[in-house]
Amino acid sequence: MPKKTLNNISEIRRYFHTNTDPIYFVSATNFNLLGLDEWVKNFKYICYMDCFDGRHPNVLVPSELPHDEFQSIEDINNYLLQHKEVVDYVKARGGKPKFVFLMFDEKSEKLVKDLGGEVWFPKAKLRTAMDNKIETVRVGNKAGVPSVPNTLAKVDSYDHLKKLSDKAGLGHDLVLQSAFGDSGHTTFFIKSESDFRKHEHEIVGQGEIKIMKRIDCRGSAIEACATSQGTIVGPLMTELVGFKELTPYRGGWCGNEIFSTAFPPNTRQQARELTFKFGEQLRKEGYRGYFELDFLVDKKTGEIWLGELNPRITGASSMTNHAAFAHADAPLFLFHLLEFSKKPFKLDVEELNARWADPDMIDSWSQMVIKHTEDTVDIITSAPQSGIYRMQADGQVVFDRFDYHRRAVESEDEAFFLRISNVGDYRYEGADLGILVTRGRSMTKGFQLTEKSKRWIAGIKNAYSARPLPSAHAFEDPAFKIM
């Protein structure tokens, strides 16, 4: 008997509200897909960190077992997939389990298969190939989505770099990126030989490097989903990058804003069109589902350049999936699940994209990812709980009430805080303390942090206290991102 085709948003929503097979998001925290459990019946989170102190009804955090030191988020997920409490939980809930991740590898795929489940993402091997920043340039070129003027080459020395940049007409004020890694750790600003020497070990012998002309630009992010019916495109978001109050990393992402006039209308339209074209090329490459593009908008000319591709959900996904258009229609990630469900559906993607481009469909929100920015290491002795915080008239930040819903923020004097670092954790330079979500903007029109944002950040940081490490204790920064 042929499967009934879903013909509109209402039928798609009903399909997920009556979903029978368990779907699990396995990750360090549930931040990236926060709130999705309220759209999808039988959707659960399996997490390593207990951000909600056991008070979130759909989060399982198994008890801590001895394990090798984690080197990546994939290690965390593979530890969780083998944990007896997780295995028992999945088996007890039965059905045909589906798994989604922020990051996973081929070992994760095998562990999911052992659990009798399916990974609802393209294969890890394909994701890795697409995640390569060098490959992104090539896919973009095929799609007609241009990157910042660049050349791709192995670099042997500073003199060699100068020759390569001269040949490509890039000048000597350069930005270099290695093929993989978080932008805060693998983006190098090279203007002189001394700059090069600082990062030489991360450039020489690392294979092909993306060598870009340095431009004065504004970062932006846009998420989309490549489906059988076409690429569905979310709104263009601003990026918070390198603010010293939030991150110690010069090029490091530290948050986003979503608001209807984030960029001029022609910039927003062009970014959406380029994202659609890139998504259609990804489909030809065999990739489908959720992805995010970073665009660099030249401050002087307004030109838009492709920055990088993240073939996955990202730190910005919570913003996309909670915007007004998502509540009016459906969160973007729902279309990703639909694509992998093999349920036939028909959708006028052009009409949906036009509706989602309407400024009236976008309300204003901001998120700031707060890291420990001092060059110190200590052990946290008290930490603020997740929930709703209030800023008082004197600028003091106080805990108001527990909640796990972002929408519970009622005004710009309230914020939702999701705690990452907890009592007993090491607090080191670059450690994620938590994510603060506010209504309205966190940056000024000139794209600097507002004074109010600075007060929010200080208030949350002040809610932490810590004791020094014993002097003989050696500590190594884990240096991988968890969201």
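Note: hydrogens, waters and symmetry copies are ignored here, and every other heavy atom, side chains too, is used. Throughout, numbering of the chain's residues begins at 1 and tracks the sequence.
- Ser442 and Ser453 get closest at one heavy-atom pair: O-OG, 2.7 Å.
- Remark: side-chain polar atoms of Asp413 are not paired, donor with acceptor, to backbone N or O of Arg390 under 3.5 angstrom.
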Item to complete: Evaluate the salt bridge (Lys or Arg N to Asp or Glu O under 4.0 Å) criterion for residues Glu280 and Arg283: first the C-alpha distance (whole Å), next the side-chain angles of each, then the deciding distance (0.1 Å), finally the verdict.
Response: CA-CA 5 Å; Glu280 295 304 285; Arg283 289 169 64 197; 2.7 Å; yes

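- With respect to Arg439 and Glu412, no salt bridge is recorded, no charged nitrogen being found less than 4.0 Å from a carboxylate O.
- Counting heavy atoms from C-beta on, the side chains of Leu306 and Phe295 come closer than 4.5 Å.
- Note: Ile482 CD1 to Phe31 CZ = 10.0 Å, rounded to the nearest 0.5 Å.
- For Tyr290 and Phe333, the gap between ring centers is short of 6.0 Å.
- Salt bridge Arg355/Glu351: present, at least one basic N to carboxylate O contact under 4.0 Å.
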Practice prompt. Take Phe335 and Ile12, measure what side chain to side chain contact (heavy atoms under 4.5 Å, CB included) needs, and give me the verdict at the end.
Written response: CA-CA 9 Å; Phe335 297 102; Ile12 290 168; 4.2 Å; yes

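- A donor-acceptor contact shorter than 3.5 Å links the side chain of Arg268 to the backbone of Phe263.
- Considering only heavy atoms from C-beta on, Glu285 comes within 4.5 Å of Lys142 through its side chain.
- Side-chain atoms of Asn353 come within 3.5 Å of backbone atoms of Val233 as a donor-acceptor pair (strictly under, hydrogens ignored).
- Residues Gln367 and His322 have side chains not in contact (no heavy-atom distance under 4.5 Å, counting atoms from C-beta outward).
- A salt bridge links Lys4 to Glu11: at least one charged side-chain nitrogen sits closer than 4.0 Å to a carboxylate oxygen.
- In terms of heavy atoms, Cys47 sits closest to Ala28 at CB-O, 3.6 Å.
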Worksheet item: Taking it one step at a time, do His17 and Arg14 satisfy side chain to side chain contact (heavy atoms under 4.5 Å, CB included)?
Response: CA-CA 5 Å; His17 281 308; Arg14 187 174 68 240; 5.5 Å; no

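- When atom types are taken as modelled, the side chain of Asn19 and the backbone of Lys41 share a donor-acceptor pair closer than 3.5 angstrom.
- Among all heavy-atom pairs drawn from Tyr426 and Ala431, the shortest one is O-CB, 4.4 Å.
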Worksheet item: Would Asp75 and Lys107 count as a salt bridge (Lys or Arg N to Asp or Glu O under 4.0 Å) if you check the C-alpha gap in whole Å, the side-chain angles of each, and the deciding distance to 0.1 Å?
Response: CA-CA 9 Å; Asp75 286 352; Lys107 183 179 179 182; over 6 Å; no

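- Ile370 is listed as a side-chain neighbour of Lys461, based on a closest heavy-atom distance under 4.5 Å.
- What you find for Met368 and Leu449 is that their closest heavy atoms are SD-CD2, 4.4 Å.
- Note: Phe25 and Tyr45 have perpendicular aromatic rings, judged against thresholds of 30 and 60 degrees for the angle between ring planes.
- More than 12 heavy atoms of other residues, nucleotides or ligands lie within 6.0 Å of CG in Asn266, so this atom counts as buried by the packing criterion.
- Looking at Asn256, its side chain does come within 3.5 Å of a backbone N or O of Thr238 through a donor-acceptor pair.
- The two residues Leu236 and Ala262 come nearest to each other via the heavy atoms O-CB, 4.2 Å.
- Across every non-hydrogen atom of Asp50 and Arg419, the tightest pair is O-NH2, 2.9 Å.
- Formation of a donor-acceptor pair under 3.5 Å by the Asp400 side chain with backbone atoms of Ala415 is not found in this model.
- From Leu338, atom CG reaches atom CD of Gln229 across 9.0 Å, with rounding to the nearest 0.5 Å.
- When atom types are taken as modelled, the side chain of Ser386 and the backbone of Cys51 share a donor-acceptor pair closer than 3.5 angstrom.
- A salt bridge links Arg407 with Glu38: the distance from a Lys NZ or Arg NE/NH1/NH2 to an Asp or Glu carboxylate oxygen falls below 4.0 Å.
- Exactly one residue among Glu308, Gln177, Lys210 makes a side chain to side chain donor-acceptor pair (under 3.5 Å) with Thr187. That residue is Gln177.
- A donor-acceptor contact shorter than 3.5 Å is absent between the side chain of Asp131 and the backbone of Arg127.
- Proximity of Leu115 to Tyr24: side-chain heavy atoms (C-beta onward) are nowhere separated by under 4.5 Å.
- At least one donor-acceptor pair under 3.5 Å links the side chain of Glu257 to the backbone N or O of Met443.
- Between atom CG of residue Asn32 and atom CD1 of residue Ile313 there is a gap of 4.5 Å, rounded to the nearest 0.5 Å.
- For the residue pair Thr314/Glu292, the side-chain donor-acceptor check at 3.5 Å is not satisfied.
- Separating the CG atom in Leu334 from the CD1 atom in Ile9 is a distance of 8.5 Å, to the nearest 0.5 Å.
- Side-chain atoms of Val409 and Val437, non-hydrogen and from C-beta on, never get closer than 4.5 Å to each other.
- For the pair Arg93 and Tyr89, the cation sits on the ring face: its NZ or CZ lies under 6.0 Å from the ring centre, inside 45° of the axis.
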Fill in: Test log, rule side chain to side chain contact (heavy atoms under 4.5 Å, CB included), inputs Trp356 and Arg272
CA-CA 10 Å; Trp356 283 15; Arg272 294 175 64 81; 4.1 Å; yes

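- Residues Leu36 and Leu337 have side chains in contact (heavy-atom distance under 4.5 Å, counting atoms from C-beta outward).
- For Phe416 and His405, the ring centers are positioned 6.0 Å apart or more.
- With contacts defined as side-chain heavy-atom distances shorter than 4.5 Å, the pair Tyr287/Val139 does not qualify.
- Taking the centre of each ring, Trp39 and Phe16 stay at or above the 6.0 Å mark.
- Of the N and O atoms on the side chains of Ser108 and Asp105, at least one donor lies less than 3.5 Å from an acceptor on the other residue.
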Worksheet item: Do Val145 and Gln281 pass the side chain to side chain contact (heavy atoms under 4.5 Å, CB included) test, and can you show the C-alpha distance, the side-chain angles, and the key distance before you say yes or no?
Response: CA-CA 10 Å; Val145 180; Gln281 184 61 40; over 6 Å; no

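- Side-chain atoms of Lys123 do not come within 3.5 Å of backbone N or O of Glu109 as any donor-acceptor pair.
- In this model, no donor atom of one side chain and acceptor atom of the other lie less than 3.5 Å apart for Asn7 and Lys346.
- Ring-centre distance between Tyr48 and Phe70: below the 6.0 Å cut-off.
- Judged by distance alone, the side chains of Ser72 and Glu74 do bring a donor and an acceptor atom under 3.5 Å apart.
- Remark: Tyr404 engages His56 in a ring-ring contact (aromatic ring centres under 6.0 Å, His included) (not counting sequence neighbours).
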